[in-house]
Amino acid sequence: MVWLRYSLVFLAVAVGVSQIVIWLDRDPGAAFGSAAQIMVPAMIAALVEGGQVAKRRKAPLASSRAWAFAGVAAGIATVLNLLLAFAGPRVAPEFAKLAIAPVSSGQFWVLLAVYAGGYVIANRFFYGLGANNQLRLMRQRGEAQ
């Protein structure tokens, strides 16, 4: 369930934000798209998962567990990034920029590696942030240690 929820949140945020940006860019003077759209879905999905883990465990996360999550989640985010890249510019324009480079080219693989590295860092940070925020909220309510 953890990975399914992570994937669904990632896709919902990626496609939702892309559609909002497409709608806002209808104005000829607007230019809202940015490369940040590529990392934000992973950040939000990791934040949600961190909060869910804290609710279940009611204890701080071990660093090794957080890094393991970050690695697997980065793999999932990278695969979803590829799917969105080839879904086309009408679905997720910022993700579609990866598809501009031919799959066999070095540029494609370098970009994919940069995204994967960014996903590891974003997932690790926001997973811990989500867990810590949830634990703090639970302590305030008297639900956790």
Pairs under 3.5 angstrom only: tabulate donor-acceptor contacts from the side chains of residues 38-45 to other protein residues two or more places apart or in another chain.
none

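- Legend: residues meeting side-chain contact (heavy atoms from CB on, under 4.5 Å) with L8, ordered by chain and number and at least two apart, are L4.
- Looking at residues two or more places apart in sequence or on another chain, you find a side-chain contact (heavy atoms from CB on, under 4.5 Å) between V91 and V15, L84, A87.
- Heavy-atom minimum distance, A74 versus N123: N-ND2, 3.4 Å.
- A search for side-chain contact (heavy atoms from CB on, under 4.5 Å) contacts involving L137 returns Q134, Q140, R141, not counting sequence neighbours.
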Only pairs under 3.5 Å count here: list side-chain donor-acceptor contacts from residues 103-118, not counting sequence neighbours, and write none if there are none.
{"from": "S105", "atom 1": "OG", "to": "P102", "atom 2": "O", "distance (Å)": "2.7"}
{"from": "S105", "atom 1": "OG", "to": "F108", "atom 2": "N", "distance (Å)": "3.2"}
{"from": "W109", "atom 1": "NE1", "to": "V103", "atom 2": "O", "distance (Å)": "2.7"}

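- The NZ atom of K55 sits 11.5 Å away from the CG atom of L135 when rounded to the nearest 0.5 Å.
- Applying the ring pair (Phe, Tyr, Trp, His ring centres under 6.0 Å) test to F95 and every residue at least two apart in sequence or in another chain returns nothing.
- Closest approach of A46 to F69, counting heavy atoms only: CB-CE2, 4.1 Å.
- Take N133 and apply the side chain to side chain donor-acceptor pair (under 3.5 Å) test, not counting sequence neighbours, and it matches R136.
- Judged as a side-chain contact (heavy atoms from CB on, under 4.5 Å), and not counting sequence neighbours, the contacts of S7 are I76, L80.
- Criterion: ILVMFWY side-chain heavy atoms under 4.5 Å apart, direct or through other members. Under it, L24 and V13 are part of a common hydrophobic cluster.
- Clustering ILVMFWY residues whenever any of their side-chain heavy atoms sit less than 4.5 angstrom apart, transitively, puts F10 in a cluster other than the one holding V120.
- Both Y6 and L82 are members of a single hydrophobic cluster when ILVMFWY side chains are connected at heavy-atom separations under 4.5 Å.
- For residues 67-86, every residue pair satisfying the side chain to side chain donor-acceptor pair (under 3.5 Å) rule, not counting sequence neighbours, is listed here: N81-Y119.
- Inter-residue side-chain proximity for L61 and Y127 is flagged as met; some heavy-atom pair is nearer than 4.5 Å.
- Note on F86: it clusters hydrophobically with L83, by side-chain heavy-atom contacts below 4.5 Å among ILVMFWY residues.
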